[in-house]
Amino acid sequence: MALSQGRRKWLRRGVRVAAVATGVIGGVYLLAQFALAKFNDMQERFLRDRVARENLRRRFLQNQEDCSFTIMALLPTLSSQIFEAMDVESISQALLAQNRRHKSLGDVASAPPADGARTEESSRDEDPAPQNTSASEAPASLEVVSEPAPAPPAPTAKLPAAPTEAAPTPESEEERRATKLRLWDGIKHTSFERTLTSLYTLVFLSLQTYIQLNMLGRRAYLAALENQAKRDALLRTQKGALASQEPHQIALHGDGRDVALDVEALDDLNLAEGRLSQDTEKKYLTSSYWFLHHGWKTVADRVRQAVRAELGDMPVKTPLTYAHMEALVGRLRAHLESDASDTSVVWLSNDGFRNILLPETEADEVRMLREAGALAANEDEQEALTPQLRTLLDETKDYIDSPDFAQVFQSSCEHVFSLFLQKLGTGFEAPGTDPQRADKTLLLAKVLPLVSQQAKVALTSTPNNYVDAIVEGRDLRALSVLIYAAWDDELGSDW
């Protein structure tokens, strides 16, 4: 009996031990499974976040490349107008024609002195050109095209003699000098005006393009995320429907409106579809038309005023070193970029940046869309500015008015003018020397071709070093990131 009681106690104790051991093992197993599930979930989330970050990075970098391509595509529209309005080459041609006419008249009027000596009058009749340069020579980079030599007459039957042309009326010496001085002043002013206008308009166009495409890129990225979420939800719904064989629908709330999507719509879901309609996107991108056809003229007017104020009385025979040119460019920039106290930017005056890049009134906005061909013939002008387009234009103006834009504008100007001075420095330096330390002097007349040439380099060259200098700037990249990542303004809003 005692043995039976001892056995029962042993058995009970063994059962308790087995139960405790089973509980402990089960708990450890469950804990391990829970930890493993959590680890797998964290790993999956990490992989998703990594893929999402890489996708965001890839899309952002592609968007920046699109900005550069768009700038290059728009430059011909801008350059054709600038070169037509500031035609240095035609003035140079007129100066050559003036010199040739004077030379031909001089040959007819008088023969050279018998002893070959220069008369006092001829010594005074020197062109305001660089030393060791004939008065009839024009700067090579002004691309003056010489007149082709006349072809010899072909042997033909005799024709009636043509009437003899009357000799051109000779100009007085005073008139000739006044004409020549006017033409040289025209080359001087137009060379600087065209190049400075080209550099500033290139900066404006680049910044506007980056703002526009990064705003659209952000919306496209968020639309892709939303559509991917819808696709994932539909996939989960499809799996559930296949398991239960019960057709059902799922309501998604992506844009403030309940949208019932049947599982059979999975293949029809377009991941590239965004909330911005193609018409709205087209009209928004068309807003660059304002700067390309109107705003750049405001820049040109201000540049013209600065050049006339700084170079108005400077003779073309003025000797200049590289340091003089550096100081001259600095004074021209000061006229345009900062006021007398150097505490603000002139471009930020009442009509500042925004009036240059975008129209101020709705009437001008409609006019812009109409001139650019973005409005259909039967489209009501009152309905052209949709709420979506209005939101895009207003946000763009907010960025243009921000201190960030002013900072990026000035840093971009630093980049392009630094490159501009570097290009000019090649005319002042001997190979391998620092132009800032060189004491070589050039007459202003010799510097003008170097200045004029840079307008074509900035607006027509491919690859374009000036565009590269702007788009590789850290401040512009930071502004692009700021715009592209401004998701708080988009999430939960009605685009």
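What you see below is based on every heavy atom in this structure, not just the backbone, and it leaves out hydrogens, waters and symmetry mates.
A donor atom on one side chain and an acceptor atom on the other are not found under 3.5 Å apart for Y466 and S198. A donor-acceptor pair shorter than 3.5 Å cannot be found between the side chains of S418 and H415. Side-chain contact annotation: Q212 with S288, donor-acceptor N/O pair under 3.5 Å absent.
Remark: F83 pairs with no residue by the ring-ring contact (aromatic ring centres under 6.0 Å, His included) rule, at least two apart or across chains. By the side-chain contact (heavy atoms from CB on, under 4.5 Å) test, T386 is found to be paired with T280, Q388, L389, residues two or more places apart in sequence or in another chain being considered. Legend: residues meeting side-chain contact (heavy atoms from CB on, under 4.5 Å) with A94, ordered by chain and number and at least two apart, are L183. Listed by chain and number, the residues in a ring-ring contact (aromatic ring centres under 6.0 Å, His included) with Y484 are F60 (sequence neighbours excluded). Considering only residues two or more places apart in sequence or on other chains, D394 meets the salt bridge (charged side-chain N to carboxylate O under 4.0 Å, His left out) condition with R390.
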*Derivation and outcome, side chain to side chain contact (heavy atoms under 4.5 Å, CB included), residues R219 and L392*: CA-CA 11 Å; R219 284 165 167 79; L392 287 170; 3.5 Å; yes

*Carefully, step by step, assess K188 and D185 under the rule salt bridge (Lys or Arg N to Asp or Glu O under 4.0 Å).*
CA-CA 5 Å; K188 176 183 67 176; D185 279 347; 3.5 Å; yes

*asked:* Assess the residue pair L328 and L311 against the criterion (side chain to side chain contact (heavy atoms under 4.5 Å, CB included)); give the C-alpha distance rounded to whole Å, side-chain angles, the decisive distance to 0.1 Å, and a yes or no.
replied: CA-CA 9 Å; L328 175 60; L311 293 172; 3.8 Å; yes

*Passes side chain to side chain contact (heavy atoms under 4.5 Å, CB included), R304 versus H189? Steps please.*
CA-CA 8 Å; R304 184 177 298 109; H189 294 145; over 6 Å; no

_Working note: W290 + L357, criterion side chain to side chain contact (heavy atoms under 4.5 Å, CB included); need CA distance, chi angles, decisive distance, verdict._
CA-CA 7 Å; W290 181 263; L357 295 174; over 6 Å; no

*Might you work through the salt bridge (Lys or Arg N to Asp or Glu O under 4.0 Å) test for R57 and E54, ending with a clear yes or no?*
CA-CA 5 Å; R57 177 180 176 275; E54 182 60 29; 3.7 Å; yes

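To the nearest 0.5 Å, the span separating CD on E414 from CD1 on I470 amounts to 12.5 Å. A distance of 3.5 Å separates OG1 of T396 from CE of M215, quoted to the nearest 0.5 Å. Separation of atoms CZ (R354) and CD (E360) is listed at 4.5 Å; rounding is to 0.5 Å. The distance from atom CZ of R370 to atom CZ of R367, rounded to the nearest 0.5 Å, is 13.0 Å. Once rounded to the nearest 0.5 Å, the distance linking OG of S277 with NZ of K283 reads 8.0 Å. Atom CD of Q454 sits about 9.0 Å away from atom OG of S461, to the nearest 0.5 Å.
A donor-acceptor pair under 3.5 Å is formed between the side chain of R218 and the backbone N or O of I483. A donor-acceptor pair under 3.5 Å is absent between the side-chain atoms of S452 and the main chain of L448, judged by distance alone. Remark: side-chain polar atoms of T195 are paired, donor with acceptor, to backbone N or O of V451 under 3.5 angstrom. For the pair K423 (side chain) and Q453 (backbone), a donor-acceptor distance under 3.5 Å is absent. In this structure, T190 contributes its side chain and I187 its backbone to no donor-acceptor pair below 3.5 Å. Proximity of a side-chain donor or acceptor of Q305 to a complementary backbone N or O of H335 within less than 3.5 Å is not detected. Looking only at distances, a side-chain donor or acceptor of N214 sits under 3.5 Å from a matching main-chain atom of Y210. No donor-acceptor distance shorter than 3.5 angstrom exists from the side chain of S92 to the backbone of V88, with no hydrogens or angles considered.
Contact detail for G427 and L442: the closest heavy-atom pair is O-CD1, 3.4 Å. Heavy-atom minimum distance, L375 versus A384: CD2-CB, 3.4 Å. Counting all heavy atoms, side chain and backbone alike, L444 lies closest to P315 at CD2-O, 3.6 Å. Listed here is the closest heavy atom pair of P449 and A445: CD-O, 3.3 Å. Closest of all the heavy-atom pairs between K282 and G373 is NZ-O, 4.2 Å. Smallest separation of non-hydrogen atoms from A486 and Y399: CB-OH, 3.8 Å.
Counting heavy atoms from C-beta outward, Q81 and H293 have side chains that approach closer than 4.5 Å. Proximity of Q98 to R182: side-chain heavy atoms (C-beta onward) are nowhere separated by under 4.5 Å. No side-chain heavy atom of L205 sits less than 4.5 Å from a side-chain heavy atom of T201. Side-chain atoms of V447 and F428, non-hydrogen and from C-beta on, do get closer than 4.5 Å to each other. Looking at R333 and Y200, their side chains come closer than 4.5 Å, going by heavy atoms from C-beta outward. In this structure, D401 and F353 have side chains that are not in contact, with every pair of non-hydrogen atoms separated by 4.5 Å or more. Looking at L369 and Y289, their side chains never come closer than 4.5 Å, going by heavy atoms from C-beta outward. In this structure, the side chains of L207 and I400 stay at 4.5 Å or more apart for every pair of heavy atoms.
Counting only residues at least two apart or on different chains, the side chain to side chain donor-acceptor pair (under 3.5 Å) pairs with a member in residues 468-479 are S411-D475.
Environment of CD in E174: sparse, with no more than 12 heavy atoms of neighbouring residues, nucleotides or ligands closer than 6.0 Å.
Using bins of under 30°, 30° to 60° and over 60° for the plane-to-plane angle, the ring pair F405/F409 lands in the parallel bin.
Remark: of the listed residues N464, I71, T209, I71 is the sole one forming a side chain to side chain contact (heavy atoms under 4.5 Å, CB included) with V471.
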